[in-house]
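Structure record follows, encoded as C-alpha cells.
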Number of protein chains: 2
Amino acid sequence: MTEAMSRPTLEAVAARAGVSRATVSRVVNGGNGVRSALAERVRRAVEELGYVPNQAARTLVTRRNDAVAVVIAEPETRVFTDPFFARQLRGISKELTAHDNQLVLLLTEGRDDHARVGRYLAGGHVDGALVFSLHLDDPLPGLIQGAGVPTVFGGRPGWGEGARARPPAAVFVDSDNRGGARDAVRHLVDLGRTRIAHITGALDQTSAVDRLDGYRDVMADAGPRLIAEGDFTPLGGERAMRELLDHAPDLDAVFAANDLTASGALRVLREHGRRVPEDVAVIGFDDMSPIAEQTDPPLTTIRQDIEEMGRLMARLLLHRLDRHATGDTVEPPPTSVVLPTTLVRRASA
Amino acid sequence: MTEAMSRPTLEAVAARAGVSRATVSRVVNGGNGVRSALAERVRRAVEELGYVPNQAARTLVTRRNDAVAVVIAEPETRVFTDPFFARQLRGISKELTAHDNQLVLLLTEGRDDHARVGRYLAGGHVDGALVFSLHLDDPLPGLIQGAGVPTVFGGRPGWGEGARARPPAAVFVDSDNRGGARDAVRHLVDLGRTRIAHITGALDQTSAVDRLDGYRDVMADAGPRLIAEGDFTPLGGERAMRELLDHAPDLDAVFAANDLTASGALRVLREHGRRVPEDVAVIGFDDMSPIAEQTDPPLTTIRQDIEEMGRLMARLLLHRLDRHATGDTVEPPPTSVVLPTTLVRRASA
DNA sequence: GTGAAAGCGCTAACAA
DNA sequence: TTGTTAGCGCTTTCAC
C-alpha cells in the first residue's frame, strides 16, 4: 500500500451523512439554507472522514484561489538581505492572512524566471499579484498584463513614453520620493550648506529618478559635478562618494538616495578625514533601522513607512478583488496612493 | 464589459487549429507523437490566442502542482531578520526553480495560522512541503501528517516519546549539532579552560537540546551552575551571561548555542570588564556572517553550511516526489541526512 | 430545504 | 498518428 490512499471526497461525505453532494457542499461553504439537524450530521461526517475540499476542483468552478502572489524582481540575495523587502513583506503578509488569503512568494532573477512567473500567473494560481522593485526595462508588467491578473505595484512603475504595454490604469503604492528629497535638500540648505551633492540610486528605478528630481527642484543650478550615480548599495555609495570628492572637493553636504548609500558615503568621508557633520553634512532616505541608527554618526534621514506601504498594497488589491466579485456594480477607478515622508533628525545633518 | 473576458481554453485552440482537444493537449505537453505539421499549426493557434493552460483543471486530473510549500513556524519578524532563514531559503529556492517548481512560502505565527496552513496543505495546493523551525509542542507535524503531504523537515523534528502522531519515517536534514557542540567544548578544553559554561538555545527545539547534550558529553561533571538557558537571540544571551557571572563568577569559557547568543554574551562580558579571550574564551555556533566576523573580538565558532542544508532538503523532497510518481517501484526507505560541522577559529577562543 | 444534473478545463485510456 | 470518451471533485442552477 502506497502512502497516498486518496483523500475523501464530497461524495464520500455525502454517502456517510446520507445526503446529497449539494447539501454537503452547502454546509462546507457556510451552511446557509440547510436545516441545522442535517447540517450537524454533515459536519460530523466531515469530521470523521477528515474531509478537506480539493482546491483544484473548487477553483476550477469558482475561479477563486484565495491566494495572492508577491513578485519581487530581485535576486534572493537582496530580498532576504535588504531590510526593505522584509518590512514590506511583513505588511503584506499581515493584511493578507487577516483576510484569509495565502501569500505566494515568487522571486525572479533572470529571463527564465520571468517566463516561469508569467506562466504561473497566467495559469490562474492566484487571484491577484503584488509586484515590486520593477526596473525600467522589465518585461514583467507586460507579462502580467497579458496574464490578465489584477495587480498592485509597489513603487510607481516606470513605463516610459516608449513602452509598449502601458496598462491604462496601473494601481500603485509609493511614497513621496520627490517631496521627501526636496525636504532633505531644503534641510541642508537651512543648515547653511551651499555646495550640496547628491548620490543617486539605481536610475532604472523610478524611486531613484524621483529623488533626483526632488534634489533638482531645490538645487536647480547644481552642476553635474555635484551629482554622482549610485545603486542603492553601500558599495555604490562609496564609489560615488569618492567620485564626488574628486570632482567637487569643496562640497559641504551630501544627500544620499538611501540609507545604505549614505552608510557607504560616510565610510569614505571618514577615510578622507572629513568630519560629519562639521565639514560635510549627510542625509539619507528610508530611515531603515537599524542601519540609520547605527552609522557613525547616526544618520539624519527621510522616513517612509515601509510596512504600511505593504499593508496598503494588499488592502488595495483585496478591495479590488472583492469589487470584482460583486459583479455588475461599476468598477470604481482604481486609485494609487502616495504616502508622505517625514524628516528624522539625528547627528549627521 | 468587465476586465476578465475569460481566457481561451483548449477547446478554442482546437477549433482554431482544426484538430481535437487531445491533440492540442499533446502538443502543449511536449508534443510527442504528433505529426510536426499539425504540431506547428497547433502551436500557431496557441500563440495567436495567447493560450495558457488552466492549472486548476490540469491539477484536478494529474494531481500534480509543481509547487512546493515552505513552512516556517516563526513570526515573520524573525524569518526576515535572522540570516539563518534567508540562507536556507536561498538554497531551497535555487534547487526548486532549477527543477521548475514553484516555491510557496507559508509563515505561521499563531494558532489560527496553523489551521490555515493545514487547510492549504490538505487542499492539495502543493505536491510537498519543506518545514522548519519546529518547536516541541508544535501541532504542525500532526497537521501535515494528516494532510498526507510528502514532507522533509529542516532540523530533526522533536517528537518526544509522548507525542501522538510520530510519523513512522520522518525525513529530515540537520547538521551534526551534538558533534559540533562536542568539538566546540573540546576546543575550549584544549585551550586549557576548565570552568566552561554553556548558554543553551531555546530548549523546545532539538538543535538546542542536541547542542546541550554535546556539551554534556564533554563536560560530564559540569554542575547546573555552569548552564544557563537562552533562546537563540542576543538578548537571551545577555540575560543568560549575567546569570552565569552571578552563579559562577570564576568561569573561564563560554560555549554559546549560536552566534547571536554569543554576541549578547560578549557584550555583557565587556560590560563586566572581563577580557575575551584572555579572561573568558567564547565560542559560538553557526558561523553566521556577518555576525561572527563583526563581533568584538571576532567570534570563534562552529560552522554549518546552511544554504546547502536548504538545497538538500529540496533535493530530497523532489526525489521523493519523482519516486512517488514513478508508481510501483518499491519506495526506498527515505533517508535523513546529517551534515558535518567544522570549527572556525577567530579571536574569541 | 434538498436533490439531480450539468458542467468548470483538462488529461488519459481506448478506438479508429 | 489522431479523435472520442470518460471522468478528476467541486459548485450551482433548476426542479421538486
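All chains are named by letter (A, B, ...) in the order of the sequence lines, taking the proteins before the strands, and each is independently numbered beginning at 1. Note that this is a predicted model, so its numbers are computed, not measured.
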Validation row: Leu105(A), Ile72(A) side chains within 4.5 angstrom (heavy atoms)
yes

Rounded to the nearest Å, what distance is computed from the CD atom of residue Gln55(B) to the P atom of nucleotide dC8(C)?
19 Å

Table please: side-chain donor-acceptor pairs of residues 46-54 of chain B below 3.5 Å, with sequence neighbours left out.
{"from": "Glu48(B)", "atom 1": "OE1", "to": "Arg16(B)", "atom 2": "NE", "distance (Å)": "2.7"}
{"from": "Glu48(B)", "atom 1": "OE1", "to": "Arg16(B)", "atom 2": "NH2", "distance (Å)": "3.0"}
{"from": "Asn54(B)", "atom 1": "OD1", "to": "Ala56(B)", "atom 2": "N", "distance (Å)": "2.8"}
{"from": "Asn54(B)", "atom 1": "OD1", "to": "Ala57(B)", "atom 2": "N", "distance (Å)": "3.1"}

Quick one: pull up CD in Glu308(B) and CD in Gln88(B) and give me the separation to the nearest 0.5 Å.
11.0 Å

Interface limits on DNA chain D, where chain A has a heavy atom under 4.0 Å of a nucleotide atom
dG9(D) to dT13(D)

Test ring pair (Phe, Tyr, Trp, His ring centres under 6.0 Å) applied to Phe132(A) - qualifying residues, sequence neighbours left out:
none

Between P on dG9(C) and CG on Leu49(B), what's the gap in Å once rounded to a whole number?
14 Å

Could you check which residues of residues 26-43 of chain B get a heavy atom under 4.0 Å from DNA chain D? Sort them by number, please.
Arg26(B), Gly33(B), Val34(B), Arg35(B), Leu38(B)

Length of the CG-P vector between Asn65(A) and dG9(C), whole Å
14 Å

Taking all non-hydrogen atoms of both residues into account, name the closest pair between Val173(B) and Met309(B) and its distance.
O-CE, 3.8 Å

By salt bridge (Lys or Arg N to Asp or Glu O under 4.0 Å), Arg21(A) pairs with (sequence neighbours left out) Glu11(A)

To check you understand the geometry: which heavy-atom pair defines the closest contact between Asp174(A) and Arg156(A), and what is its length?
OD2-N, 3.1 Å

Shortest non-hydrogen separation from Ile92(A) to Gly310(A) and the atoms involved:
CG1-O, 3.3 Å

Table of protein N/O atoms under 3.5 Å from nucleotides 5-7 of chain C N/O atoms:
{"from": "dA6(C)", "atom 1": "N6", "to": "Arg21(A)", "atom 2": "NH2", "distance (Å)": "3.3"}

Determine the minimum heavy-atom distance between Val171(B) and Thr335(B), stating which atoms define it.
CG1-O, 3.7 Å

Between Leu10(A) (CG) and dC8(C) (P), how many Å, whole number?
19 Å

Rounding to a whole Å, what distance do you find between Asn54(B):CG and dG9(C):C1'?
6 Å

When Val19(B) and Ala57(B) are each assigned the nearest nucleotide of DNA chain D, the 5'-most assignment goes to Val19(B)

Distance in Å, Arg58(B) CZ paired with Arg64(B) CZ, rounded so as to fall on 0.5 Å steps:
10.5 Å

Any side-chain heavy atom of Leu96(B) within less than 4.5 Å of one from Leu318(B)?
yes

